[in-house]
Amino acid sequence: MESRYDVNEVESRIYEMWEKSGYFNPDTCVEKGVTKVGAEPFSNILPPPNVTGELHMGHAAMLVIEDIMVRYNRMQGKKTLWVPGTDHAAIATQSKVEKEISKKEDKNRHDLGREEFLRRVNEYAQKSHDFIVKQIKRMGASLDWSREAYTLDATREKAVHAAFQKLYDMGLIYRGNRVVNWDPKGQTVISDDEIIYEERKAKFYTFRYSKDFPIAISTTRPETKVGDTAVAVHPDDPRYKKFVGKEFDVDFVGVPLHIKVIADEAVEKDFGTGALGVTPAHSAIDWEVAQRHKLPLVQVIDERAKMMVDGPLKGMKAIEAREWIVSELAKQGLIEKEEEVTQNVSTAERTGAIIEPLPKLQWFIGVNKKFKVESSKLKGVKSGSEKTLKELMKHAVESGEIKIAPDRFEKVYFHWIDNLRDWCISRQLWFGHRIPVWYCMSCLEPHVNLEVKSKWFLVRHGETDWNKEKRSQGSSDISLNATGKEQAEIIARQLKSEKVDLIVSSPLLRAKETAEIIGEATGAEIIFDDRLREKNHGVTEGMLIEEANKKYGNSYTYEATISGSEGYADVELRAWEAFLHHKKDHHHKNVVIVSHGGTIRTLKKRLRNLSIEEMFALPGTKNTEVLEIDSAEKCKKCGSDFYEQDSDTLDTWFSSGLWPFSVFNWPQETADLKTYFPNSVMETGYDILFFWVARMILMSTALMGQVPFRQVYLHGLVRDAKGRKMSKSLGNGIDPLEMANKYGADATRLSLIIGASAGNDLKLSEDRIRGYRNFSTKIWNIARFIQMNKPTILDLPSVKQSDGTKKHRKTDYVQYLDELEKLKLEITKHLDNFEFHLAGEKLYHYIWHTLADVILEKEKLGLRSDDAAKAESYDILETLLLKSLKMLHPFMPFVTEEIYGIFRPGKMLMVEKW
RNA sequence: GCGCGAUUAGCUCAGUGGUAGAGCGUCACAUUGACAUUGUGAAGGUCGGAGGUCCGAUCCCUCCAUCGCGCACCA
């Protein structure tokens, strides 16, 4: 043995050896006979790390704890499976890439287009994934890589679609217009759980809408009050009883409001003035009040947190509007009180933006809706019984079918469920599972998991100099400029990933050139159709639009206004005729239509069944925009056969929620699913109990009628030596990879185990890791010493009896073995009870301070004696060492495996019997 | 407001109804030894405070304090 233990050399070699052996895969273990065919299964799924960069110490802790459980169970002879995977982490990954692009190229995702942006995100995700896998392996995790999964891969997509369909059919997924949490920075809706409350100082104003309004109200957000439609008071409040039911028209800082006074139990008499200004559009609570009293809803703040009401407020930022309104009220002498209060402000977890409650049409999972539980395997829930998701989620833990350790988290879990509201699952993001719903273009009827037969893409030509100069450009043959060519390339790139069969283009030069660029990229045939050309502008052709308008008036009208020119009505007629013609001829093909802004507008009008006004209100088609239209079976409601897919994506936790069975390729009925589901354990950080653990229980009880796992084990967070959260901005993170390279993965592993009890945070410092590095060195040297003293003659008659059992002369030896056997019982018990820190500490103590300091020192005497005594001393030392190594293996797999291999060539400790 | 956790050696933390433990750090001594060190030993603690149960409490119960966290409220 080398005098020095070279961690890096050993650890990389050993992991490779494990991987090659195939023993990470339980099927191989059975094949090679190290696991019995009928062995009890033990399964665990790795909480998939986000593909947002790299792993931190928290991930390392998770890997180590799980690897200990997995290795222990594998050595126990169970059919042990640990499934690896990664999570696409929609909003986290998307916003990371967006930030990068904005920093490096000063562009946003819309500049790049959906396809190109997604290409970039996927590229980033792939890189992250590769690095993460490397890191995971470096930590020694014995995962079955042959079963690796990704929350956004094709197999998991099937699971997502099946789950959506099933929940939709059960009536649990619905689309509704409700007040949701809008993140103005991320430009997306987020769920209640993605909100972080921050305490901030705020001013609490008490005022009246106007002089002639009898009731004063209070708020910290005066800017929302232009959206008030009622004032609510408590039914028993004598001060206001006389006003209940009355309606008032008031002038609030120049905005006319119609306010109804209503009585509602939700109002607290003692809070503020005891009267609540109800803003149904911008407060979830008010929205509920409004639902009860059938109040109208007035949205006054838009998606960019700007004011929407007419008058001086229009376009003002919400914060500015607040100041403006307060000063107006002050001028009018309407403010009665102004107090400093601390309030909890809702901010978005990912972007930090202040949440703006907005009414929006979104997809939800109803948690309070009763549904029929089909084929239930849940304890105490009969198949066919009616339950709500909330009830099932609670029941799964209450019945004891899922146990949570430490058990105090069960209480936390129940409390969360009690407060749970419907889960908003749609996100205005691009990265993620597209919502598998198609809306009929003409009647908007939703169709889930529509089978698309062919795709039609409407694109506009690239920019020309005339576009740039804002000239009226109709039937002239103008070439693309440099920007235009680039734009055509962008479109071509987006379409490259689609199987395009045919390009139908307007014959005008700018369209023709665009079509050719697309044709080159996709290899599709190009045909021309004169009916797709741009509107004929007549005499204004080529003029600056501004001048033309001055001279001839606005000619961008439905009916033609200039003789010899066309109106949009004319364009619509011929363009639609062309569209129908090609649809008839090429209905089974994927077709790109290259045309012009005006022409596309009229096609959209026909396809979407728009009015003339609605058509003109459409935003112009961008030169890089691809409008995808899907052709499928006729709509069951109106008979149209063109659809547009919902442009939103699903909350990343929707796909994560399916993970316990989607990794086994559900909805296929695989052998894995049968064997390993429900999973034996779910090990993860307590910080994602709600985000993830609860969602898995929701999905599993609803879709599988089973619990997703039997035991939840929650570990604490890894913090720095001062107890702070490790973060990039603080620069206090300890990189697991760096530590593994410096001190060894074994030492890093032990530092994450000892001193960390379940559910409690762990403070980690490099010093601690160094301490355990010394322990690896110690073990190495214990082994080296024993090996160095290996006698040449081993099989002494006095040592080995005829029946093969060993008999030892000294009672010491029996004691040693008894002592170790006792330790083994303790270690086993600790591992069964998830007390890894206790097991680790006891092993550490035994090996160093009993085996090395006491036993080995004592046996040195024997090793220096005659052959028989030497053989005996050697024998007991080797026995104790190897038994210890076996127990230590789950904790420090590398050094133990390496030494074991030296003493027992050809054997692998990883699959030795516990 | 409701709930949870923590409070033990200088630091970071384990732990137990019956003389207080580890790692790191400090000090002394030993050692080129299997040990890029290690060994032996030492110093250092009314186990947050106050009550209670008990023969006996750091541990169980009650109250309080400080720190941290979760949830709710937030007109």
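Letters A, B, ... are given to chains in the order of the sequence lines, protein chains preceding strands, and every chain is numbered from 1.
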Just wondering, more than 12 heavy atoms not from A:E2 lying within 6.0 Å of its CD?
no

Please work out if A:I782 contacts a base, only the sugar-phosphate, or nothing of the nucleic acid, heavy-atom cut-off 4.0 Å.
base

5′-ward residue of the pair A:F271/A:G771 relative to RNA chain B
A:G771

When all nucleic acid strands are considered with a 4.0 Å heavy-atom cut-off, which category describes A:Y844: base, sugar-phosphate, or nothing?
sugar-phosphate

note: A:R208, atom CZ; B:A75, atom P; distance rounded to Å ~ 20 Å

Gap separating the CD atom of A:E265 from the NE2 atom of A:H234, nearest 0.5 angstrom
4.5 Å

Select one nucleotide: of B:G15, B:A72, B:A34, the one nearest the side-chain heavy atoms of A:L838.
B:G15

Would you measure the distance from the C1' atom in B:U38 across to the matching atom in B:G45 and give it in whole Å?
28 Å

With rounding to the closest Å, how many angstrom separate the C1' atoms on B:A65 and B:G25?
30 Å

Can you tell me, in whole Å, how much space there is between the P of B:C54 and that of B:C64?
24 Å

B:A20 and B:C47, which share atom name C1', separated by this distance in whole Å:
8 Å

Classify the nucleic acid contact of A:R408 as base, sugar-phosphate or nothing, counting any heavy atom under 4.0 Å across all strands shown.
sugar-phosphate

Hey, does A:A216 reach any base, or is it just sugar-phosphate, or nothing, if we go heavy atoms under 4.0 Å?
nothing

Nucleotide paired to B:A20 in any strand shown, Watson-Crick or G-U, under 3.5 Å
none

Looking at B:C47, which nucleotide sits across from it as a Watson-Crick or G-U wobble partner, both distances under 3.5 angstrom, or is there none?
none

B:C71, B:U38, B:A34: which one has an atom nearest the side-chain heavy atoms of A:H415?
B:C71

Once you apply a heavy-atom cut-off of 4.0 Å, does A:R773 come out as touching a base, just sugar-phosphate, or nothing?
sugar-phosphate

Between atom CZ in A:F775 and atom P in B:C24, what is the gap in whole Å?
12 Å

Could you walk me through whether A:Y844 and A:F891 satisfy the ring-ring contact (aromatic ring centres under 6.0 Å, His included) test, starting with their C-alpha distance in whole Å, then the side-chain angles of each, then the deciding distance to 0.1 Å, before giving a yes or no?
CA-CA 10 Å; A:Y844 176 96; A:F891 298 83; over 10 Å; no

Heavy atoms only, 4.0 Å cut-off, all strands: where does A:Y686 land among base, sugar-phosphate and nothing?
nothing

Any base atoms under 4.0 Å from A:K411, or only sugar-phosphate, or nothing? Heavy atoms, all strands.
sugar-phosphate

Whole-angstrom distance between B:G21 and B:U16, as gauged at atom C1':
10 Å

Looking for any heavy atom pair under 4.0 Å, which part of the strands does A:T342 touch: base, sugar-phosphate only, or nothing?
nothing

Nearest-Å distance for atom pair CZ/P, residues A:R221 and B:C74:
14 Å

Tell me which nucleotide among B:G39, B:G70, B:A75 gets nearest to the side chain of A:F690.
B:G70

Between A:D286 and the options A:L295, A:L276, A:V179, the side-chain contact (heavy atoms from CB on, under 4.5 Å) test singles out A:L276

Taking the P atom in each of B:C63 and B:C2, what is the distance between them to the nearest angstrom?
12 Å

Could you tell me whether A:E268 contacts a base, only the sugar-phosphate backbone, or nothing, with contacts defined as non-hydrogen atoms closer than 4.0 Å?
base

Taking A:D422 first and then A:R178, would you say they form a salt bridge - that is, a charged N and a carboxylate O separated by under 4.0 Å?
yes

Side-chain contact check for A:H837: nearest option of B:G15, B:G23, B:C74 is B:G15

For B:G23 versus B:C29, give the span between their C1' atoms, rounded off to a whole number of Å.
22 Å

In the strands shown, is B:A42 matched to any nucleotide by a Watson-Crick or G-U wobble pair with both distances under 3.5 Å, and which?
B:U26

Using a 4.0 Å heavy-atom cut-off, does A:I754 contact any base of the nucleic acid, only the sugar-phosphate backbone, or nothing at all?
nothing

With both distances under 3.5 Å as the test, what is the Watson-Crick or G-U wobble partner of B:C59?
none

May I ask you to check whether A:F836 and A:Y713 place their ring centres under 6.0 Å from each other?
yes

Polar side chain donor-acceptor pair, A:W416 to A:D193, under 3.5 angstrom:
yes

Could you state the atom-to-atom distance from CZ of A:R421 to C1' of B:C73 in whole Å?
12 Å

Cation-pi check for A:W287 against A:R292: NZ or CZ below 6.0 Å from the six-membered ring centre and within 45 degrees of the axis, yes or no?
no

Please confirm whether the shortest side-chain N or O distance from A:H849 to OP1 or OP2 of B:G23 is below 4.0 Å.
yes

A:Y846 OH to B:G21 P, straight-line distance once rounded to whole Å:
21 Å

If pairing means Watson-Crick or G-U wobble with both distances under 3.5 Å, then the partner of B:G68 is B:C4

For residues A:F409 and A:Y413, establish whether the separation of their ring centroids is below 6.0 Å.
no

Phosphate OP1/OP2 of B:A75 contacted by A:T220 side-chain N/O (<4.0 Å)
yes

Both A:G277 and A:D192 contact RNA chain B. Which one's nearest nucleotide lies toward the 5' end?
A:D192

For A:D853 and B:A34, give me the distance from atom CG to atom C1', rounded to whole Å.
13 Å

Answer with base, sugar-phosphate or nothing: what part of the nucleic acid does A:I285 contact at a heavy-atom distance below 4.0 Å?
sugar-phosphate

Can you tell me the distance, in whole Å, between the CG atom of A:D270 and the P atom of B:A75?
16 Å

Mind checking the P distance from B:G10 to B:G49? Whole angstroms is fine.
14 Å

Looking only at B:C73, B:A75, B:A34, the nucleotide nearest the A:Q343 side chain is B:A75

Find the partner of B:A14: check Watson-Crick (N1-N3 plus N6-O4 or O6-N4) and G-U wobble (N1-O2, O6-N3) distances, both under 3.5 Å, and reply none if neither fits.
none

For B:A9, the Watson-Crick or wobble partner whose two distances fall under 3.5 Å:
none

Looking for any heavy atom pair under 4.0 Å, which part of the strands does A:V341 touch: base, sugar-phosphate only, or nothing?
nothing

Under 4.0 Å between any heavy atoms, over every strand shown, what does A:D761 touch: base, sugar-phosphate, or nothing? Just pick one.
nothing

Between A:E878 (CD) and B:A34 (P), how many Å, whole number?
19 Å

Check this one for me: any side-chain N or O of A:N774 less than 4.0 Å away from OP1 or OP2 of B:U38?
yes

